[in-house]
Amino acid sequence: MERISRVWAAVVTGFLATVLIPATAWAEESGVADIVRKKKSSFGFGGIFSVLCCLVVVAIIVGVVFLVMRSRKK
């Protein structure tokens, strides 16, 4: 079980290092982050759609992890 947690830690770290950190750096450099910060936060259809999309993505990831761990137990 410890080996699986190490693998997932490596996967999450790799994802953060290859996708999120460079994207954040690019947003800060190009000024996109300033525009997003200054934009008035409205929670209309776009906000609700974003929340639902995030929940669906998280549910899919949790489902895949559950299926992988369940198949390894057999």
| task | Please go through V62's hydrophobic cluster and name the other residues, only I, L, V, M, F, W, Y counting, with side-chain heavy atoms under 4.5 Å joining them. | result | V58
| Which pairs, with at least one residue in residues 21-30 and sequence neighbours excluded, count as a side chain to side chain donor-acceptor pair (under 3.5 Å)? | E28-R37
| Smallest separation among heavy atoms of P22 and A17, with atom names | CD-O, 3.4 Å
| Do I61 and V64 belong together in a cluster built from hydrophobic side chains that touch within less than 4.5 Å? | no
| field | CD1-CG distance between I60 and L55, expressed to the nearest 0.5 angstrom | value | 11.0 Å
| request: Kindly write out the residues that satisfy side chain to side chain contact (heavy atoms under 4.5 Å, CB included) with A25, not counting sequence neighbours, or none if the list is empty. | output: none
